[in-house]
Amino acid sequence: MTSPIDHWHRLLSDERAGELCALVTAEQRARRLRFGDRVLCPFLRPFFLTEADEARVTRVVSTLWALGERVARVALERPEVLERFALSDDEVRLARIDPRYATASTAARADAFILPDSLQFAEYNAESPAGPAYSQGLAELFDALPVMARFRERFAARHYTPASAILDALLASYREWGGTASPPQIAIVDWREVPTYTEFELLRDMFVARGVPTVICDPRDLEYSRGALVANGVAIDFVYRRVLINDILARPDECRALVDAYAAGAVCVANTLRCKIPHKKAFFAVLTDERWRDLWSDQEREIVRRHIPWTALVEERRVTRDGASIDLVAYLRANRERFVIKPNDEYGGTGVTLGRETSESEWDAAIARALAERARGWVAQERIQVRREMFPVCDAGGVAMRDMLVDFAPYVFRGTVTGFLTRLSATGLANVTSGGGQVAAFAVKEQ
């Protein structure tokens, strides 16, 4: 059987590389596929997955979403579980506000590496996952390239539409909340200076094209008065919240109207402020902690065992692993190359220490910092296997083949896998904020 990757690369060798790079770059700018001023994709091949991969991912990721929803409910009922997430008092206060509907994370994303026999999850973004419009836009761009038409003479290739799917999920949450406006007035809310602003424009245009009025606004544009949330004179029924809870807490005066309207039940907000519970990196520590086995079915425990790395909050205590009691800190010191230490709640790889890439003294310092900042919360997570592939990269007017790490992040909207954010990097961290690039994902099979 011919490899789709090899076939694509052979087809690409027939193209004028410099012209194709210029075309792909120009199309990204025309389609607003930018992170700040930088185009998202310097690569000339999509990521390919098989239909078997797709089925496996769908089953595992939909289960992970269900577990996240369950812990969001259970943690608010059982203080001993909530304590394990290391939320701040203010985060707990926001989480305890009744959002008037049950779904904590309408939109989530599971960051993973897809391997031949498993998914290896690095973290779970249950709060405000970026990129669905970018992912769909890149897929549509590659779908229209002449090289894709030639590729389809040999392989069936199907891309994903997460930006279209997210509107359906948002509307479903609005109906669950009890909303009756048809259609509701949506506001996409985040700071106007964020580098992902062009994605908000893409989403707004898609929503409006489907008959759902949508505005983009900064939290500072919102006013809550007489039981209504208003943005620049427009009454809002539904907030698609992209502003982070960390920012809501750091800038309370600027976000007061949003929080007050949410607390009063005057507006539906997705994701809810309860999503912070499964969003914490400690979510994986709860999943892999044998004390909470009663929360999961046998099938769910098997999925956790196969796909979720063993994780623990870094603290001076004994933990149980595989039935054995171990001193956690001593265990981490003795197994540096097997672990990473990361903050409980950060983005873009901030603060991550990779044990295998640090000295013993640097690792000890990372453990000491985690112990000293126990209130903030740090987790130690067993290092996972990663996936690497050769990709053609636009480079100085030509194309160079480079070995890239492939971070594969499925979007899951109300339990349904709708597409993927696929990021590439030459280093151990694959994300846009640390300099990684993005590619489209296509499901392929030989004709």
Side-chain angles (χ1 to χ4, degrees), residues 4 46-74 102-126 129 131-132 135-136 139 156-166 168-169 172-173 271 275 277-279 283-289 292-311 381-382 384-387 389 406-423 440-446:
F47 176 73
F48 297 136
L49 68 158
T50 68
E51 290 184 325
D53 288 334
E54 184 182 46
R56 177 160 49 94
V57 168
T58 296
R59 181 177 65 89
V60 173
V61 174
S62 60
T63 299
L64 182 62
W65 180 86
L67 297 181
E69 293 298 296
R70 190 178 309 156
V71 300
R73 294 191 300 270
V74 170
T103 303
S105 296
T106 296
R109 195 185 70 216
D111 293 356
F113 296 92
I114 184 169
L115 303 175
D117 60 350
S118 72
L119 280 169
Q120 296 287 300
F121 288 100
E123 58 191 48
Y124 182 60
N125 186 334
S135 296
Q136 182 168 323
R158 171 172 48 83
H159 70 270
Y160 300 89
T161 56
S164 301
I166 198 168
D168 296 329
S173 286
N271 289 347
C275 71
I277 298 171
H279 179 76
F283 173 39
F284 284 6
V286 171
L287 288 181
T288 59
D289 191 328
W292 316 119
R293 288 177 58 86
D294 64 301
L295 297 177
W296 330 121
S297 68
D298 289 344
Q299 183 181 31
E300 290 165 344
R301 283 195 291 268
E302 179 60 17
I303 285 176
V304 169
R305 186 192 67 79
R306 290 193 60 198
H307 304 289
I308 304 297
W310 189 81
T311 306
Q381 186 176 92
E382 190 151 34
I384 59 178
Q385 292 180 271
V386 300
R387 178 169 180 153
E389 287 184 11
V406 183
D407 182 300
F408 180 74
Y411 289 105
V412 53
F413 301 154
R414 290 182 63 94
T416 300
V417 176
T418 62
F420 310 97
L421 172 67
T422 309
R423 295 167 293 188
F442 281 72
V444 299
K445 66 175 180 179
E446 195 161 14

Less than 4.5 Å apart, any side-chain heavy atom of I166 and any of Y411?
no
What heavy-atom pair brings V406 and F113 nearest, and what distance separates the two atoms?
O-CD2, 2.9 Å
Short question: side chain of W65, backbone of V417 - any donor-acceptor pair under 3.5 Å?
no
Report the C-alpha distance between L64 and V412 in whole Å, list the side-chain angles of each, state the deciding distance to 0.1 Å, and finish with yes or no for side-chain contact (heavy atoms from CB on, under 4.5 Å).
CA-CA 9 Å; L64 182 62; V412 53; over 6 Å; no
Verdict with reasoning, E382 to T311, per side-chain contact (heavy atoms from CB on, under 4.5 Å):
CA-CA 6 Å; E382 190 151 34; T311 306; over 6 Å; no
With R59, which residues qualify under salt bridge (charged side-chain N to carboxylate O under 4.0 Å, His left out), at least two apart?
none
Residues in salt bridge (charged side-chain N to carboxylate O under 4.0 Å, His left out) contact with R387, at least two apart in sequence or another chain:
E389
Rounded to the nearest 0.5 Å, what separation is found between the CG atom of L115 and the CD atom of Q120?
5.5 Å
Mind checking the CD1-CZ spacing from I277 to R73? Nearest 0.5 Å is all I need.
11.0 Å
Should R56 and I114 be marked as a side-chain contact (heavy atoms from CB on, under 4.5 Å) after you check the CA-CA gap, both sets of side-chain angles, and the distance that decides it?
CA-CA 10 Å; R56 177 160 49 94; I114 184 169; 4.1 Å; yes
Quick one: does S297's side chain have a donor or acceptor within less than 3.5 Å of a partner on E300's backbone?
yes
For A104 and N271 the tightest heavy-atom approach is O-CB, 3.6 Å
Set of residues satisfying salt bridge (charged side-chain N to carboxylate O under 4.0 Å, His left out) with respect to D117, sequence neighbours excluded
none
Does R293 have any salt bridge (charged side-chain N to carboxylate O under 4.0 Å, His left out) partners at least two apart in sequence or in another chain, and if so, which?
none
Got a second to check how far K445's NZ is from E54's CD, nearest 0.5 Å?
10.5 Å
Residue from P132, P410, P129 passing side chain to side chain contact (heavy atoms under 4.5 Å, CB included) with R109
P129
Nearest-0.5 Å distance that lies between atom CD1 in I384 and atom CD in E123:
9.5 Å
Are L67 and F283 packed together at the side-chain level, in the sense that at least one heavy-atom pair is separated by less than 4.5 angstrom?
yes
Could you measure the distance from the CG atom of L287 to the CZ atom of F121? Nearest 0.5 Å is fine.
10.5 Å
Shortest non-hydrogen contact from A126 toward A108:
CA-CB, 4.1 Å
I'd like to know if D111 and R423 make a salt bridge, using a cut-off of under 4.0 Å between side-chain N and carboxylate O.
yes
Quick check: closest heavy atoms across G415 and S62, and the distance to 0.1 Å?
O-CB, 3.3 Å
Measure across T106 and A169 and return the closest heavy-atom pair with its distance rounded to 0.1 Å.
CG2-O, 3.6 Å
Can you tell me how far apart CZ (R305) and OG (S118) are? Round to the nearest 0.5 Å.
10.5 Å
In chain order, what residues pass the ring pair (Phe, Tyr, Trp, His ring centres under 6.0 Å) check against F284, with sequence neighbours excluded?
none
Heavy-atom donor-acceptor pair, Q136 side chain to S164 backbone, under 3.5 Å
yes
Candidate pair V71 and W296, rule side-chain contact (heavy atoms from CB on, under 4.5 Å), full reasoning
CA-CA 10 Å; V71 300; W296 330 121; 3.3 Å; yes
Heavy atoms only: give me the nearest F442-A139 pair and the separation to one decimal.
CZ-O, 3.5 Å
From the options V61, I308, T63, select the one residue that forms a side chain to side chain contact (heavy atoms under 4.5 Å, CB included) with I303.
T63
Residue set satisfying side-chain contact (heavy atoms from CB on, under 4.5 Å) with D289, at least two apart, ordered chain then number -> R291, W292, R317
